[in-house]
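Keep in mind the model is a prediction, meaning the values are calculated, not measured. Below, chains carry the letters A, B, ... as their sequence lines are ordered, and counting in each starts from 1.
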There are 2 protein chains.
Amino acid sequence: MEQTCYLRHIAYDSVIFGFSGDKLKILITKYHNTGLFALPGGFVRMDENLNDAVRRGLKERTGLDNIYLEQFYTFGDVARFKPEVMKTILEANNFSTLNYEWMLDRFISIAYYALINYKDVVPTPDVLSDSCDWYSMDDLPPLMLDHSEIVKKALQNLRDNLERRLVGMNLLNPLFTMNELQRVYEAILGEKLHRGAFQRKILSMGILKRHDKQYTGAANKAPFLYSFELSNGAKLEIR
Amino acid sequence: MEQTCYLRHIAYDSVIFGFSGDKLKILITKYHNTGLFALPGGFVRMDENLNDAVRRGLKERTGLDNIYLEQFYTFGDVARFKPEVMKTILEANNFSTLNYEWMLDRFISIAYYALINYKDVVPTPDVLSDSCDWYSMDDLPPLMLDHSEIVKKALQNLRDNLERRLVGMNLLNPLFTMNELQRVYEAILGEKLHRGAFQRKILSMGILKRHDKQYTGAANKAPFLYSFELSNGAKLEIR
DNA sequence: CTATTATTGTCGCAATTTGAGACAATAAAT
DNA sequence: ATTTATTGTCTCAAATTGCGACAATAATAG
């Protein structure tokens with residue numbers, strides 16, 4: 001983690017979405033001894049693709065490879081330059097600000113959102129953080145710098161892309177019921193959808209493969225399980 | 001243009017769209033004595049917002065303020081790091097590579113697209129370029145580095161945003177006919193649209209104000225002129 | 001002044017998509 | 001066997017879209 005290792009002035013932040021208990025959640029880290037909450041982020045090595053840097057960070061935080069990842073905006077206002085904040089974090093961790101002076105510079109942050117299966121993840125804090133935990137989108141702690149704005153824009157982008165790309169299933173198990181999928185869509189869009197119309201629409205797209213029924217033990221008709229599968233050689237991008 | 005003035009490793013590129021002769025066009029600059037074509041780009045000052053840097057560059061290139069501008073992607077692959085190219089440009093302009101060594105570093109580029117009224121612009125080359133001219137999207141010269149990819153992605157984004165935001169009119173005069181607007185949409189989407197359906201749809205959105213007719217001298221019914229105007233307090237963002 | 005021509009604003013109709021409710025099927029409990 | 005909750009599917013109305021048609025009209029030609 002030396003100065004020469006990373007591109008100066010460049011950082012990334014990631015909004016990592018998961019779905020649990022009918023709620024859309026994201027991963028938030030908390031820095032040691034500071035009470036500061038932040039999005040998981042990191043820096044780009046000199047010899048590393050930007051996208052690869054983000055995937056590396058995601059791997060460290062979630063243990064997952066092959067995550068659905070989307071870049072959505074780059075934040076570059078001068079107002080986000082607040083060296084005191086970074087200084088606080090470094091000092092709270094007994095990092096000499098001499099060696100890490102480059103971290104006190106102005107940064108531009110490229111923001112990504114990721115969709116992962118909540119169950120697959122054991123959130124792991126990094127060196128500076130003492131926790132990395134899920135928070136419901138409707139119950140986030142106050143975030144440092146402009147991270148609240150980043151989250152807001154991430155959700156906005158996810159919603160916009162929900163129909164065009166077919167990303168809902170990335171938040172679920174490989175096998176899921178129609179009801180689970182609908183609840184994911186409802187959590188993302190923040191509104192109730194009509195069951196019949198939703199089922200009809202999704203099925204008409206021909207991207208789901210139907211499997212055996214799921215017998216949950218509940219006293220009612222068992223739902224089919226589905227997996228995401230392009231039957232014909234259809235492209236992922238709709239339209 | 002000294003080293004200390006700009007943020008290292010950070011550049012922007014802009015895809016500036018105009019509409020003329022039923023064609024969608026963009027501005028391309030050509031560097032002195034090199035035969036290299038590129039998108040208009042620039043750097044971010046230490047004390048300057050990223051978005052402001054782009055607007056500053058746009059102002060220099062087009063003379064226009066208040067341009068419709070959209071950030072769409074940040075390109076950060078290592079593969080775009082080709083110091084020879086920049087060196088060629090600097091040497092062709094008799095710029096000492098000593099003073100401009102920072103320009104030979106690896107850069108991450110934040111890409112924007114702009115929509116402007118073709119007629120309003122007198123394209124102006126910068127210090128390093130000997131021309132800044134319009135090129136039809138279907139007849140672009142070979143562009144340096146990954147600039148062709150940037151253009152491709154810009155068009156893709158513009159198309160995706162065309163319905164959601166109502167951006168077509170930014171390429172036209174304040175007063176325009178329905179036919180002109182349709183031709184803009186067709187140029188962007190790259191397909192013919194049905195006249196009746198287009199008119200009905202646009203008018204139903206209630207965002208156009210109808211003005212007097214335009215008597216062109218042609219032997220046919222004169223079309224109405226329209227301007228873009230939100231009648232009720234509607235938001236620009238649709239949906 | 002009348003006929004012609006090209007283009008415009010608008011309408012009608014069929015086809016398609018969407019919203020909302022209804023109903024039979026069914027897995028498990030009573 | 002009956003009840004309960006949920007599922008898959010259907011029907012019908014409402015809204016949207018694709019496509020052609022028609023009258024209106026600005027200028028020109030005769």
Any pair counted as side chain to side chain donor-acceptor pair (under 3.5 Å), so long as it reaches residues 111-122 of chain B, sequence neighbours left out: B/N51-B/Y112, B/Q71-B/Y112, B/Y113-B/N161, B/N117-B/N173, B/K119-B/N173
A/K209, NZ atom: more than 12 neighbouring heavy atoms under 6.0 Å: no
Nucleotide D/dT7, atom P - distance to CG of A/L203 in whole Å: 14 Å
Side-chain donor-acceptor contact under 3.5 Å, A/H211 with A/S227: yes
Footprint string (nucleotides 22-30 of chain C, 5' to 3'): B base within contact, S backbone only, - free, heavy atoms under 4.0 Å: B--BBBB--
Donor-acceptor pair present, B/R200 side chain and C/dG9 base, under 3.5 Å: no
Distance in angstrom units between B/I202 CD1 and D/dG18 C1', rounded: 16 Å
Residues forming a ring-ring contact (aromatic ring centres under 6.0 Å, His included) with B/F19, sequence neighbours excluded: none
Set of ring-ring contact (aromatic ring centres under 6.0 Å, His included) partners for B/F107, sequence neighbours left out: B/F43
Under-3.5 Å donor-acceptor pair between B/R210 side chain and C/dG9 base: no
Closest-nucleotide 5' rank along DNA chain D - winner of A/P223 and A/A197: A/P223
Interatomic spacing from CD1 in A/I28 to CG in A/L143 - rounded to 0.5 Å: 4.5 Å
Test: B/R56 and B/E60 ion pair at under 4.0 Å: yes
Heavy-atom side-chain proximity of A/L128 to A/H32 below 4.5 angstrom: no
Contact list for DNA chain D against residues 170-177 of chain B - heavy-atom distance below 4.0 Å: none
Lys/Arg cation over aromatic A/Y226: A/R210, 6.0 Å, 45° cone: no
Value in whole Å for how far the P atom of C/dA20 lies from CG of A/L193: 10 Å
Atom-pair distance (CD on A/E163; C1' on C/dT18), nearest Å: 13 Å
Contact residues, residues 178-190 of chain B to DNA chain C [heavy atom, < 4.0 Å]: B/N179
Flag if over 12 foreign heavy atoms under 6.0 Å of CG, B/D138: yes
Whole angstrom value for the distance that separates P of D/dT7 from CD of A/Q199: 9 Å
For atom NE2 of B/H211 and atom C1' of C/dT8, their distance in whole Å: 18 Å
Spacing of B/K201 atom NZ relative to C/dG9 atom C1', expressed in whole Å: 19 Å
Candidate pair A/K59 and A/D65, rule salt bridge (Lys or Arg N to Asp or Glu O under 4.0 Å), full reasoning: CA-CA 6 Å; A/K59 169 91 179 174; A/D65 286 319; 3.1 Å; yes
